[in-house]
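Below: the structure, in structure tokens.
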Amino acid sequence: MDLLKKFFGRRAKSVEPKAVIPGAKDGGHGDHWGCLLQSVQEKELIPFLTDVTRKDNHPYTFDFGPGSTDKGLAFYSNGTPLRACVLVANQMLASAYPEVQDGPVWPITITEIIPWSNGLEGQIAGTCHGAAVAFFDTRFYANWRRYDVGQTYDFHMGALGYTVGRAPQSEVETELGAKVSLDGAHAYMPANLDNEAADVDDLWFHSPLEGEKDSAYLIGPPIYSYPIVMAIPEDFEMKLDVYCGAHVLAPDMKNIQPNDDIQGYLWLLGYLAQ
């Protein structure tokens, strides 16, 4: 989606205000919008985001990250559970991304806070009942001051799917050399283990479908959500709804049923539960 990458970057660069956190990482959301919108819809996105800033009469005001006294505004589109967040800084459209609202809550102990160089966005790395996770914090701009490494916080979690399809029958080999079937398994791993272009919040997942798919709307055709349990560390179910446009679904997803195994790649996101 070339237009989206031009305005919001892919992973390496984004349209943003002057960097305020030296040494922090750059980031962008072009590929994230591609989880929900087809290329033919990209021309609708910029007018849609502009419209969001016009219709939201009560934007959230926030401070930039460490080292800056500047203020920013966060505008939100109407609708649940999927909405757009538009960040404005210095009277410029600084960033925009989809946000999943009121997702399942996970207790996460923070091991690393990863700010982005624009001072508006960031990622959180941590553990959930001992399982390592990293995700994009959709409300980093509002909550970054509240975080301390080593502390545990509740986060509402969600995901966008880059690709989702029926899982083939497959096996994995354990450290002891035994082969274990993945049928019915709840498994995930960081996507950057075999893809250098993937970020820390990109994951491969394999899970039985926990229920019927649901629909949400943002721009144009419906966006589908698939409920899964990503993992079950210490008997805690890491529940998650994976949202994606029809264009990222494999053809065999048309006949998918609850308890069938699905797998794919997702972008994990969350925000602090109040």
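Just so it is clear, the structure is predicted and the values come from calculations on it, not from any experiment. All values below were derived from every heavy atom in this structure, side-chain atoms included, with hydrogens, water molecules and symmetry-related copies excluded.
Looking at heavy atoms from C-beta onward, Val164 lies in side-chain contact with Met253 at the 4.5 angstrom threshold. Within the 4.5 Å cutoff, the side chain of Trp204 has no heavy atoms near those of the Leu266 side chain. Within the 4.5 Å cutoff, no side-chain heavy atoms of Val52 are placed close to those of Asn78. Residues Thr127 and Ile108 are not in side-chain contact: their nearest non-hydrogen atoms beyond the backbone lie 4.5 Å or more apart.
Here the closest non-hydrogen pair linking Ala159 and Val100 is N-CG2, 4.2 Å. Smallest separation of non-hydrogen atoms from Leu203 and Pro190: CD2-CA, 3.8 Å. Taking every heavy atom of both residues into account, Leu87 and Cys85 meet most closely at CD2-SG, 3.7 Å. In plain terms, the two heavy atoms of Pro98 and Thr138 that are nearest each other are O-CG2, 4.4 Å. The two atoms that bring Gly184 and Pro208 nearest to each other are O-CG, 3.6 Å, heavy atoms only. Ala84 and Ser77 get closest at one heavy-atom pair: N-OG, 2.8 Å.
Residues Phe62 and Tyr76 share a hydrophobic cluster, clusters being chains of Ile/Leu/Val/Met/Phe/Trp/Tyr side chains in contact below 4.5 Å. Trp267 and Leu193 fall within the same hydrophobic cluster, where Ile, Leu, Val, Met, Phe, Trp and Tyr residues are linked whenever their side-chain heavy atoms come under 4.5 Å apart, directly or through other members. Hydrophobic clustering, with ILVMFWY side chains joined whenever heavy atoms are under 4.5 angstrom apart, groups Leu36 together with Leu49. Clustering ILVMFWY residues whenever any of their side-chain heavy atoms sit less than 4.5 angstrom apart, transitively, puts Leu272 in the very cluster that holds Met238. Hydrophobic clustering (ILVMFWY, side-chain heavy atoms < 4.5 Å, transitive): Tyr188 and Ile232 are in distinct clusters.
Without hydrogens or angle criteria, His247 side chain to Leu37 main chain gives a donor-acceptor distance under 3.5 Å. Of the possible polar contacts, none joining the Thr163 side chain to the Val248 backbone as a donor-acceptor pair under 3.5 Å is found. Checked by atom type and distance alone, the side chain of Asn118 pairs as donor or acceptor with a backbone atom of Glu121 at under 3.5 Å. Side-chain N or O atoms of Gln101 include one that pairs as donor or acceptor with a backbone N or O of Gly79 at under 3.5 Å. Looking only at distances, no side-chain donor or acceptor of Asp202 sits under 3.5 Å from a matching main-chain atom of Ala191. Not a single donor-acceptor pair under 3.5 Å links the side chain of Ser207 to the backbone N or O of Ile228.
Scanning for side-chain contact (heavy atoms from CB on, under 4.5 Å) contacts around Asn57 gives an empty result, with sequence neighbours left out. Taking the salt bridge (Lys or Arg N to Asp or Glu O under 4.0 Å) definition, one finds that Lys55 meets it with Asp51, sequence neighbours left out.
Atom CD1 in Ile262 sits 4.5 Å away from atom CZ in Phe205 (nearest 0.5 Å). Distance check, rounded to the nearest 0.5 Å: OH of Tyr141 to CG of Asp63 gives 13.5 Å. Distance check: Phe140 CZ to Tyr147 OH gives 7.5 Å after rounding to the nearest 0.5 Å. Rounding to the nearest 0.5 Å gives a distance of 7.5 Å between CD of Gln123 and CZ of Phe136. Taking CZ from Phe75 and OG1 from Thr53, the interatomic distance works out to 5.5 Å, rounded to the nearest 0.5 Å. The CZ atom of Phe48 sits 6.0 Å away from atom CH2 of Trp33, with the distance rounded to the nearest 0.5 Å.
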As a quick check of understanding, evaluate side-chain contact (heavy atoms from CB on, under 4.5 Å) for Met189 and Asp194, giving each step before the final call. CA-CA 10 Å; Met189 67 178 184; Asp194 58 6; 4.2 Å; yes
From CA spacing to verdict: side-chain contact (heavy atoms from CB on, under 4.5 Å), Asp252, Ile256: CA-CA 7 Å; Asp252 55 21; Ile256 204 76; 6.0 Å; no
Please report the C-alpha distance between Ile223 and Leu82 in whole Å, then the side-chain angles of each, then the deciding distance to 0.1 Å, and finally whether the side-chain contact (heavy atoms from CB on, under 4.5 Å) criterion is met. CA-CA 9 Å; Ile223 295 163; Leu82 196 63; 3.6 Å; yes
side-chain contact (heavy atoms from CB on, under 4.5 Å) between Val229 and Glu210: does it pass, once the steps are laid out? CA-CA 7 Å; Val229 173; Glu210 294 294 313; 3.7 Å; yes
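No side-chain N or O of Tyr265 forms a donor-acceptor pair with one of Asn195 less than 3.5 Å apart.
Paired with Leu269 under the rule side chain to side chain contact (heavy atoms under 4.5 Å, CB included), one option of Asp137, Asp201, Leu160, Ile124 passes, and it is Leu160.
Residue pairs that meet the salt bridge (charged side-chain N to carboxylate O under 4.0 Å, His left out) test with at least one member in residues 99-120, sequence neighbours left out, are Arg83-Glu99, Glu99-Arg139. Applying the salt bridge (charged side-chain N to carboxylate O under 4.0 Å, His left out) rule to pairs touching residues 156-166 yields Arg166-Asp260, sequence neighbours excluded. The side-chain hydrogen bond (donor to acceptor under 3.5 Å, both in side chains) contacts involving residues 218-245 comprise His129-Glu234, where partners must be two or more places apart or lie in separate chains.
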Show me, pair by pair, the donor-acceptor contacts under 3.5 angstrom made by side chains of residues 150-158, not counting sequence neighbours?
from   : atom 1 : to     : atom 2 : distance (Å)
Thr152 : OG1    : Thr109 : OG1    : 2.6
Tyr153 : OH     : Arg146 : O      : 3.1
Tyr153 : OH     : Asp148 : N      : 2.9
His156 : ND1    : Gly103 : O      : 2.7

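Within a 6.0 Å radius of CD in Gln274, more than 12 heavy atoms belonging to other residues, nucleotides or ligands are found.
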